[in-house]
Amino acid sequence: MPELPEVEVLVRHLAPRLKNKMIRGIHVRRARVLRPTRPAALRRMLTGSRFVNLVRRAKYLCFMLQRADGGTFLLIGHLGMTGRMFLQPADAPLPKHTAVALDLGGENFVFEDTRYFGRFTLDTSMQGRLGPEPLGDGFSFEYFTHALKRSAQAIKVKLLDQSLVAGLGNIYACESLFHARVSPRLAACKLTRAQRERLWSAVRRTLADAIRFGSSMPLDWPGTGELDGLFYYGRAAGATGPQEPLRVYDRQGQPCPVCQTPIRRIVQAGRSTFYCPRCQQI
DNA sequence: CACCATGTTCCTTG
DNA sequence: CCAAGGAACATGGT
């Protein structure tokens, strides 16, 4: 479900709603998502702590908490493929695939994840392996050029490498390559300067546009509404608005929005890639 | 039954 | 040592 834009929109939604709230208790229904933190350790740290801030790093949610004694620490969340996080009234039943729920008094903060690939942990070690934020200053054109220079791997696969640039997933990697008119099969070191410039810009524009899109409508955070679809941005009941602006992802066989050539699906590094074979030639 | 799914990590192979 | 590929994780949809 979540790539950088979905996590960003979620963080903006949750941050003001969690700020200063105290955790009264914690239910761990699926200890696997805590790895390597143990349930007792998480309970000891969280119970009695308050949320002081929430920020996004790549696809991770970084909850900053403060204990009663004043000490602060980080809780790291990741939505995996199917995770959701939302607040619901204390008397509402927890969803079937609730992994963790935090008792905030009048409401529960729920981490629900059908496939349980997500994380809810005190382990921060993955942060050191992440590349720069694609929308930040660290992801300069010079950095991008240097990072692609010596790799013969397909550019699509490189865009999914979180140590190169952190936050792109399968959807936005495909969409960015389409916007840049670069073939996903092109070896990273074979991109021309013009192609690198287009792709560098397209990555940033595609992500920024998705954040804007996700921010522009009321969203169905628990995903229980009928309009919940492929994407995190299931519209809240009764909401109207533009269609999700994906041009090639999950559209194999459908006409390219630019040239009408059927969109093609191939497999790279075990993941589907969608592209227009005419607009994105090698 | 088959195959597919927004992600990450681990293991094997070269 | 590194790069690349594949399987595993777990559940549900088509």
Side-chain angles (χ1 to χ4, degrees), chain A residues 1-11 29-37 56-61 76-85 95-100 111-121 123-131 134 147-178 185 187-189 203 206-207 210-211 213-214 219-221 223-224 226 228-234 244-253 263 265-274:
Chain A
M1 185 141 318
E3 297 182 27
L4 183 153
E6 294 77 32
V7 178
E8 177 64 26
V9 174
L10 175 62
V11 162
R29 290 231 244 166
R30 187 65 68 120
R32 139 176 257 281
V33 306
L34 272 50
R35 285 173 305 154
T37 301
R56 178 191 61 73
R57 169 74 171 109
K59 303 172 194 175
Y60 293 88
L61 298 99
I76 303 294
H78 194 292
L79 299 173
M81 294 271 266
T82 54
R84 293 173 180 274
M85 292 186 188
K96 180 178 179 186
H97 296 295
T98 296
V100 182
F111 172 32
E112 183 262 344
D113 185 2
T114 306
R115 291 168 73 179
Y116 303 109
F117 288 175
R119 287 298 173 95
F120 202 76
T121 184
D123 175 31
T124 59
S125 60
M126 75 290 293
Q127 303 282 74
R129 287 171 245 136
L130 295 173
L148 299 183
K149 197 161 50 183
R150 286 197 313 277
S151 175
Q153 207 169 27
I155 185 61
K156 155 67 166 16
V157 179
K158 295 304 280 186
L159 290 180
L160 294 180
D161 179 351
Q162 303 294 298
S163 70
L164 194 161
V165 57
L168 281 172
N170 207 30
I171 293 175
Y172 294 109
C174 292
E175 295 294 312
S176 297
L177 285 161
F178 174 75
R185 313 196 305 175
C189 57
V203 163
T206 303
L207 294 173
I211 291 169
F213 176 77
L219 298 176
D220 176 23
W221 298 104
T224 48
E226 296 146 28
D228 186 49
L230 167 73
F231 207 46
Y232 199 79
Y233 301 146
E244 194 172 306
L246 301 181
R247 302 290 197 271
V248 291
Y249 181 80
D250 202 28
R251 291 183 177 275
Q252 70 269 36
I263 297 302
R265 172 184 177 272
I266 61 173
V267 174
Q268 296 179 287
R271 320 266 330 253
S272 289
T273 297
F274 303 90

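Just so it is clear, the values below take in all heavy atoms, side chains as well, and ignore hydrogens, waters and symmetry mates. Chain letters run A, B, ... following the sequence lines, proteins first, then strands; residues in each count from 1.
Proximity note for A:Arg271 (side chain, C-beta onward) versus B:dG7, C:dT11, C:dA4: the nearest is B:dG7. Distances were taken from every side-chain heavy atom of A:Met126 (C-beta onward) to each of C:dT11, B:dT8, B:dT9; the shortest belongs to B:dT9. Taking only side-chain atoms of A:Phe117, from C-beta outward, the nucleotide of B:dA5, C:dT11, B:dG7 with the closest atom is B:dG7. Between C:dG12, B:dT9, B:dG7, one nucleotide has an atom nearer to the side chain of A:Asn170 than all others, and that is B:dG7. Ranking B:dA5, B:dT8, C:dG5 by closeness to the A:Gln153 side chain, first place goes to C:dG5. Here the side chain of A:Arg265 is nearest to one of B:dG7, C:dA10, B:dC4, namely B:dC4. With distances taken from any side-chain atom of A:Ser272 to the nucleotides C:dT11, B:dT8, B:dA5, the minimum falls on B:dA5. Side chain of A:Arg32, nearest nucleotide from B:dT9, C:dC9, C:dG12: C:dC9.
Across the P atoms, C:dG6 and B:dC3 are found 16 Å apart, a figure rounded to whole Å. B:dT9 and C:dG12 have their C1' atoms separated by 22 Å, given to the nearest Å. Atom name P, nucleotides C:dA4 and B:dA5: the rounded distance is 22 Å, in whole Å.
From A:Leu130, atom CG reaches atom CZ of A:Arg57 across 5.0 Å, with rounding to the nearest 0.5 Å.
In this structure the side chain of A:His78 reaches within 4.5 angstrom of the side chain of A:Lys59, judged on heavy atoms. Counting heavy atoms from C-beta outward, A:Tyr172 and A:Val203 have side chains that stay 4.5 Å or more apart. Side-chain contact between A:Asp113 and A:Met85 is absent, with no heavy-atom pair separated by less than 4.5 Å.
In this structure, A:Tyr116 atom OH and C:dG12 atom C1' are separated by 12 Å, rounded to whole Å. Atom CG of A:Asp113 and atom P of B:dA5 are 18 Å apart (whole Å). Whole-Å rounding puts the A:Met81 CE to C:dG13 P distance at 15 Å. Straight-line distance from the CZ atom of A:Arg129 to the P atom of B:dT8: 12 Å, rounded to whole Å. Taking atom CG of residue A:Leu164 and atom P of nucleotide B:dT8, one finds them 14 Å apart after rounding to whole Å. Straight-line distance from the CZ atom of A:Arg84 to the C1' atom of C:dG12: 14 Å, rounded to whole Å. In this structure, CD1 of A:Ile266 is placed 17 Å from C1' of B:dC4, rounded to the nearest angstrom. One can place CG of A:Leu79 at 18 Å from P of C:dA10, the figure rounded to the nearest angstrom.
Checking the phosphate oxygens (OP1, OP2) of C:dT11, no side-chain nitrogen or oxygen of A:Lys96 falls inside 4.0 Å. Dashed line: the shortest gap from a side-chain N or O of A:Gln162 to OP1 or OP2 of B:dG7 is not under 4.0 Å. Proximity of A:His78 to the phosphate of B:dG7: no side-chain N or O atom is located under 4.0 Å from OP1 or OP2. Phosphate contact (OP1/OP2 of C:dG12, side-chain N/O of A:His97, threshold under 4.0 Å): present.
Across all strands shown, C:dA10 forms no Watson-Crick or G-U wobble pair with both distances under 3.5 Å.
Place A:Lys158 and A:Arg30 on DNA chain C by their nearest nucleotides, and A:Lys158 ends up nearer the 5' end. When each of A:Val267 and A:Gly167 is assigned the nucleotide of DNA chain B bearing its nearest heavy atom, the one mapping closer to the 5' terminus is A:Val267.
At a cut-off of 3.5 Å, with distance as the only test, no side-chain donor of A:Thr82 or A:Arg115 sits close to an acceptor on the other residue.
Residue A:Gly169 is classed as a sugar-phosphate contact, given heavy-atom separations below 4.0 Å to backbone atoms only.
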- prompt: Would A:Thr206 and A:Glu175 satisfy side chain to side chain donor-acceptor pair (under 3.5 Å), going step by step from the backbone distance to the final call?
  reply: CA-CA 7 Å; A:Thr206 303; A:Glu175 295 294 312; over 6 Å; no
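Cation-pi geometry between A:Arg30 and A:Tyr116 is met: under 6.0 angstrom from the ring centre, within 45 degrees of the axis.
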